[in-house]
Novice: 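Below is the structure I would like to discuss, written out as structure tokens.
Read the numbers this way: they start at 1 and go in the same order the structure lists the ligands and their atoms.
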Amino acid sequence: MAETFPELKPAARILLGPGPCNVNPRVMKAMQSPVVGHLDPEFIKVMEDIKRMLRAVFRTSNEITFPVSGTGSAGMDAILANLIEDGDEVIVGVNGVFGTRIADSAERLGAKVIKVEAEWGRIIEPAQIEAALKGTHQPKLVAIVHAETSTGAHQSVEEISELAHRAGALMMLDTVTSLACVPVEIDKWKIDASYSCTQKGLSAPPGLAPTTFSTRAIETIRSRKTRCKSWYLDVGMIARYWGSDRVYHHTAPITMNYALYEALRVVLEEGLEARWARHRANAAALHAGLGAMGLKLAAQEGYRLPQLTTVEVPEGIDEAKVRAELLNGFDIEIAAGLGPLKGKVWRVGLIGESSQRSNVFLLLAALEQILAAMGYEFARGRALPSAEQSYVAA
Ligand SMILES: *Cc1c(COP(=O)(O)O)cnc(C)c1O
């Protein structure tokens, strides 16, 4: 007998990890729209509107602003592959998984990478970048991560961007977990290139990487001595499809672009300021509730992301078991620590659509039950009132 395969029936989880986060139902509905050709006038209208909405969300007037086909990491590779030529000096802030990833990618693309490191959970200090720049001859690029999802650290950007430009370098910023969660100001901060993703702050499924390039970055790409090492991610060629020429390069993922279109509409309807305020309020309540349970936050004080909280696992508690019980008993996903934080922290995301007051209370209530049953000693019944108090005080 021929093997049969069951119909897909994934559980509807509450996604409180580092992404993907929950998808707005309007986005899922948009994805059911008919697939049209990638050069259909109706799709071209969608592309034009996506570019305009992306500029609004990135707070930029950059002409070259479009979604790279692929997840956030494809956006990273697209920027690095187009800006870097063999032997270029690239300074990378490394204080977590995603800075490590940038350094790895830049090295593979032939850059001479200078890593500026900080302990995981802490930010990169501008003085460290300044010192690294002094040791270079002709720095091409300074790259940092705005929201380090592996640690919960919220990097300050403006001063580092200023230092990079003063040294003649371009500035790249990873906004994968920051866009539409906390302020991202591409033009004001003079960021030359940035990449994000669809499945975090924008709350669509994973699949596209919104990117933006300053005029200086585009001039740098145009004056390359060698061709971009990636055919698929060659921005010069892709820009001819996303620009007025409409020259076929690769087939745009039509349905994912519908998703991005609707996700951007949702974000702009809420308004960026309101969205940032929502993330702050829900994080403050979560932090108050966790604090009332005696749990400690792992990221550097004063630089904690509202959308991603790293929580220290208390002594004697099996961190994986807590996550399994949240998933099996409450349909809540949170994530484990990575690298040096593995086994030491949980990562709790309140990202985009998942940043809801109801999720804060549900998670705190579930954690109280699970931790009490595991013998963790704390004053029970205080977490929810503390969270409530935080909302009242705000
Ligand atoms: C998620 C993430 C990435 C990678 O994005 P993918 O969509 O998983 O490829 C890069 N940087 C940061 C800060 C992230 O959180």
Novice: Can you work out which protein residues put a heavy atom within less than 4.0 Å of ligand 1?
Specialist: T71, G72, S73, F98, R101, V145, A147, T149, D174, V176, T177, Q199, K200
Novice: Could you list all the salt bridge (Lys or Arg N to Asp or Glu O under 4.0 Å) pairs where at least one residue sits in residues 90-105, not counting sequence neighbours?
Specialist: D104-R108
Novice: Under 3.5 Å, is there a donor-acceptor pair between the S105 and D77 side chains?
Specialist: yes
Novice: Do S194 and T175 have a side chain donor and acceptor closer than 3.5 Å?
Specialist: yes
Novice: Taking atom types as modelled and ignoring hydrogens, do the side chains of N22 and E353 form a donor-acceptor contact shorter than 3.5 angstrom?
Specialist: no
Novice: Distance alone, cut at 3.5 Å: any donor-acceptor contact between the side chains of S355 and N282?
Specialist: yes
Novice: Does the pair R59/E273 count as a salt bridge with the N-to-O cut at 4.0 Å?
Specialist: yes
